[in-house]
Asker: 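The structure follows.
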Amino acid sequence: MLDNNIEKVFETIKEKSGFSSDIVTRIIENKNYKIGYIFLEGVSSDDKISDFINKALIKLDKKKLFKNFLKAVENNIFNSNINSCTTYEDLFYYIASGFTAILLEGYNKAIVVETRSKLDRGVVESTSETIIRGPKDSFTENNSINLGLIRKRIKDENLWFKETKVGRRTKSKVTVAFIKDVAKDSSVQKILSDLKKIDIDGILDSGYIRELLEKKQKSLFPKIISTERPDLACSALLDGKIVILVENTPFVLIYPAVLIDFIKSPEDNYQKPFNVSFSRILRFICFYLALITPALYIALMTFNQEIIPDQLLISLAVQREGVPFPTAIEVFLFLITFEVLREADVHATSFSGSAMNVVGALILGDAAVAAGIVSPIVIIVVATTSISELVFYDIDIIDAIREWRILFILSATFMGIIGLIVVFIIFISKLSSIECLGTPYLTPFSPLKIKDLKNSLIRMNRKKLKNRPSYLTNNTKRIGEIYEKNNN
């Protein structure tokens, strides 16, 4: 409980925070009463405090003030976000969030007024999920802006936001967004329950939440989509999925996710069905090319050369003449080289990144072939593998492909095609065993759901997409009866 003495409250707050230099306090004495306020300089706006709070407090009528402290402040301070608190813990949370706390001598309650300073960037174009067509805005680090970006797209009273705080020290706002009459209530309650069970010092990014929610069932493949695109989040909400927003990060989480979601692209909603279907089939082929191409090459060249046509085998043998390393070592060497180049490109500055790509991809590859360290066919195999995985925009699915690719390579190195087949069976079995909020990861292919196949690898015309995915919601009707009658 707060003390009813202003100096005592100020002293307690300063003592609890180690007398931090960014704590600002002021006391205004006017005849027979005394008012004080406290804020944190780093997260509050001096202009808002001076223009609104100072002037309003000085003009307060002392008679009305003592009758109803809260009402007097609300009537004199022009701010839409005014609240109250009675404990030191709540008081510090508010001032750390950019509020200014107002205290009246003799009262053990504080009035908190939002005076938050703008510490985040504005709405800008997405940098990690660039598209040709579609909206260009993206989420920001500001939680209120992120909620607004969703609200302006879905103007429905059934769009609900449930907020909780996670982190003993950061007390980060985590907002669960869902459409009440579309999303499954059991899924919403499960996520809210899991969030409340999280006991950790702090949440600095949505990646913390993703990792903690996925910990129950270990899997290399992601079960949650991370995106900074509001249109993708809104599309997921309309399908019956649940969106988790974390303050101070532009990346929101979409839950649950199945494998086919990572084959899709945010741009698929804005192109013709035939083009979308072609692109998805291409990504599906690239998925397996990135996964098994190096392992297949190693198996054929090391154990199963009889499968290769004679003319091609002679050509490959000529290319490998003079190479000092076994096929597996050769492939591993160049794959590691590519991964180093990729990491360097990710962390390099923008002006040096393109130059590094040219040096790494062209000069280094050509020099390695000329020096006889690797054969030209290995360059082709690794390049095909690397380009195939770049068609995916989600870094989590790329990392999962890379880790499984290593297992395929090791099996092919020791057992050839037999080892490749064994690991592939394990791979499919593992994918089949994964569940996300009770939804099998290979849905709608396993278990087979005929109606949900219309928007999987093949995307049907939007007029035929009458139903939402049945594994996400019980309210599957997407297109109304009146629209259907008018188009028949």
Side-chain angles (χ1 to χ4, degrees), residues 134-135 149-162 175-192 222-227 229-245 252-273 276-277 279-280 284 394 434-488:
L149 289 172
I150 294 178
R151 279 286 187 194
K152 80 172 186 177
R153 286 175 166 83
I154 304 178
K155 304 175 182 67
D156 185 3
E157 67 274 10
N158 289 307
L159 174 61
W160 288 12
F161 295 112
K162 296 291 184 180
T175 306
V176 177
F178 59 96
I179 299 179
K180 176 62 178 175
D181 58 341
V182 176
K184 289 183 178 180
D185 187 62
S186 58
S187 299
V188 175
Q189 297 304 321
K190 177 69 166 58
I191 291 176
L192 289 172
K223 296 182 288 184
I224 300 176
I225 299 173
S226 179
T227 182
R229 296 193 58 84
D231 58 323
L232 182 59
C234 291
S235 176
L237 286 169
L238 293 172
D239 282 341
K241 294 186 178 182
I242 299 160
V243 173
I244 303 174
L245 303 97
V252 308
L253 306 177
I254 300 175
Y255 202 38
V258 294
L259 182 61
I260 194 63
D261 291 328
F262 298 97
I263 304 295
K264 299 176 183 178
S265 167
E267 200 170 12
D268 290 352
N269 291 321
Y270 316 117
Q271 294 189 1
K272 294 182 178 180
V276 172
S277 300
S279 297
R280 288 181 182 176
F284 187 74
D394 195 292
I434 300 173
E435 287 188 353
C436 185
L437 284 180
T439 302
Y441 201 61
L442 293 183
T443 301
F445 304 103
S446 177
L448 184 64
K449 296 181 181 293
I450 302 296
K451 291 184 178 180
D452 297 336
L453 290 175
K454 292 181 180 180
N455 192 24
S456 53
L457 276 183
I458 305 297
R459 208 208 86 177
M460 304 297 289
N461 189 291
R462 197 168 296 278
K463 293 179 181 179
K464 296 182 179 180
L465 296 177
K466 300 177 182 179
N467 298 316
R468 300 184 181 92
S470 60
Y471 61 90
L472 292 175
T473 176
N474 296 322
N475 182 9
T476 59
K477 198 68 173 177
R478 191 195 298 271
I479 294 181
E481 295 180 2
I482 296 177
Y483 179 85
E484 291 184 44
K485 291 179 180 177
N486 292 337
N487 284 274
N488 287 335

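Model, not experiment: these values are computed from the prediction.
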Asker: Test side-chain contact (heavy atoms from CB on, under 4.5 Å) on Lys223 and Tyr441 and set out the steps.
Answerer: CA-CA 8 Å; Lys223 296 182 288 184; Tyr441 201 61; 4.2 Å; yes
Asker: Heavy-atom distance under 4.5 Å between the side chains of Leu472 and Pro469, does that happen here?
Answerer: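 Contact flag for Leu472/Pro469 side chains = yes.
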Asker: Can any side-chain N or O of Ser235 pair as donor or acceptor with the backbone N or O of Leu232 at less than 3.5 Å?
Answerer: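 Side chain of Ser235 to backbone of Leu232: no pair is present.
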Asker: Quick one, Leu159 and Phe178 - any side-chain contact, counting heavy atoms below 4.5 Å?
Answerer: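 No, their side chains stay 4.5 Å or more apart.
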Asker: Among all residues two or more places apart in sequence or in another chain, which pass the salt bridge (Lys or Arg N to Asp or Glu O under 4.0 Å) test with Asp156?
Answerer: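 With sequence neighbours excluded, Asp156 shows a salt bridge (Lys or Arg N to Asp or Glu O under 4.0 Å) to no residue whatsoever.
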Asker: Kindly say whether Lys463 contributes a backbone atom to a donor-acceptor pair with the side chain of Lys466 at under 3.5 angstrom?
Answerer: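 No; zero donor-acceptor contacts below 3.5 Å.
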Asker: For Arg468, what residues pass the salt bridge (Lys or Arg N to Asp or Glu O under 4.0 Å) criterion, not counting sequence neighbours?
Answerer: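 Testing Arg468 for salt bridge (Lys or Arg N to Asp or Glu O under 4.0 Å), a comparison that skips the adjacent residues, returns none.
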Asker: Do you know the tightest heavy-atom contact between Gly438 and Pro440?
Answerer: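 Heavy atoms only, the tightest pair is O-CD, 3.6 Å.
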Asker: List in chain and number order the residues that pass salt bridge (Lys or Arg N to Asp or Glu O under 4.0 Å) with Lys162, two or more places apart in sequence or in another chain; answer none if no residue qualifies.
Answerer: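 If we apply the salt bridge (Lys or Arg N to Asp or Glu O under 4.0 Å) test to Lys162, skipping adjacent residues, there are no hits.
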Asker: Evaluate side-chain contact (heavy atoms from CB on, under 4.5 Å) for Ile244 paired with Ile191, printing each intermediate quantity in order.
Answerer: CA-CA 9 Å; Ile244 303 174; Ile191 291 176; 3.9 Å; yes
Asker: Tell me whether Asn158 contacts the main-chain N or O of Lys180 through its side chain, where contact means a donor paired with an acceptor under 3.5 Å.
Answerer: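 Side chain of Asn158 to backbone of Lys180, a donor-acceptor pair under 3.5 Å: no, none is there.
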Asker: Measuring only between side-chain heavy atoms, which start at C-beta, is Leu238 closer than 4.5 Å to Val182?
Answerer: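 No; the side chains remain at least 4.5 Å from each other.
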Asker: Could you go through the salt bridge (Lys or Arg N to Asp or Glu O under 4.0 Å) check for Arg280 and Asp268 one step at a time?
Answerer: CA-CA 9 Å; Arg280 288 181 182 176; Asp268 290 352; 3.0 Å; yes
Asker: Please step through side-chain contact (heavy atoms from CB on, under 4.5 Å) for the pair Ser226 and Val252, ending with a clear verdict.
Answerer: CA-CA 6 Å; Ser226 179; Val252 308; over 6 Å; no
Asker: Do any N or O atoms from the side chain of Ser277 and from the backbone of Arg459 form a donor-acceptor pair under 3.5 angstrom?
Answerer: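 Flag set: sc Ser277 to bb Arg459 pair under 3.5 Å.
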Asker: Once rounded to the nearest 0.5 Å, what's the spacing between atom CD1 of Ile434 and atom OG1 of Thr443?
Answerer: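 Answer for the CD1-OG1 pair, Ile434 versus Thr443, is 11.5 Å.
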Asker: Output the distance between atom CG (Asp394) and atom OG1 (Thr227), rounded to the nearest 0.5 Å.
Answerer: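 With rounding to 0.5 Å, CG (Asp394) is 8.5 Å from OG1 (Thr227).
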Asker: Can you tell me how far CD1 of Ile224 sits from SG of Cys436, rounded to the nearest 0.5 angstrom?
Answerer: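 So the gap between those two atoms works out to 6.0 Å.
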Asker: For residues 254-265, dump all side-chain donor-acceptor pairs below 3.5 Å to protein atoms at least two apart in sequence or in another chain.
Answerer:
from	atom 1	to	atom 2	distance (Å)
Asp261	OD1	Lys241	NZ	3.3
Asp261	OD2	Lys241	NZ	2.6
Asp261	OD2	Val258	N	3.0
Lys264	NZ	Asn455	O	2.9
Ser265	OG	Glu267	N	3.3

Asker: For Phe161, what residues pass the ring pair (Phe, Tyr, Trp, His ring centres under 6.0 Å) criterion, not counting sequence neighbours?
Answerer: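 None.
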Asker: Return the set of residues passing side-chain contact (heavy atoms from CB on, under 4.5 Å) with Pro135 (not counting sequence neighbours), or none when no residue passes.
Answerer: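 For Pro135 the side-chain contact (heavy atoms from CB on, under 4.5 Å) partners, ignoring immediate neighbours, are Asp137, Arg153, Arg229, Asp231, Tyr270.
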Asker: Within this structure, what is the OG1-CD1 distance for the pair Thr473 and Ile179, rounded to the nearest 0.5 Å?
Answerer: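 It is 9.5 Å, given to the nearest 0.5 Å.
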Asker: Let me see the working for Val276 and Ser279 under side-chain contact (heavy atoms from CB on, under 4.5 Å), right down to the final yes or no.
Answerer: CA-CA 5 Å; Val276 172; Ser279 297; 5.8 Å; no
Asker: Look up atom OG in Ser470 and atom NZ in Lys449, then write down how far apart they are to the nearest 0.5 Å.
Answerer: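 Atom-to-atom, Ser470:OG and Lys449:NZ are 4.5 Å apart.
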Asker: Find out whether Ile150 and Leu237 are in side-chain contact, i.e. whether some heavy atom of one side chain is under 4.5 Å from a heavy atom of the other.
Answerer: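 Counting from C-beta outward, Ile150 and Leu237 do come under 4.5 Å.
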Asker: Please report the interatomic distance OH(Tyr471) to OG1(Thr476), rounded to the nearest 0.5 Å.
Answerer: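 It comes to 13.0 Å.
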Asker: Do Val176 and Trp160 make a side-chain contact, defined as non-hydrogen atoms from C-beta onward lying under 4.5 Å apart?
Answerer: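 Val176 vs Trp160: side chains apart.
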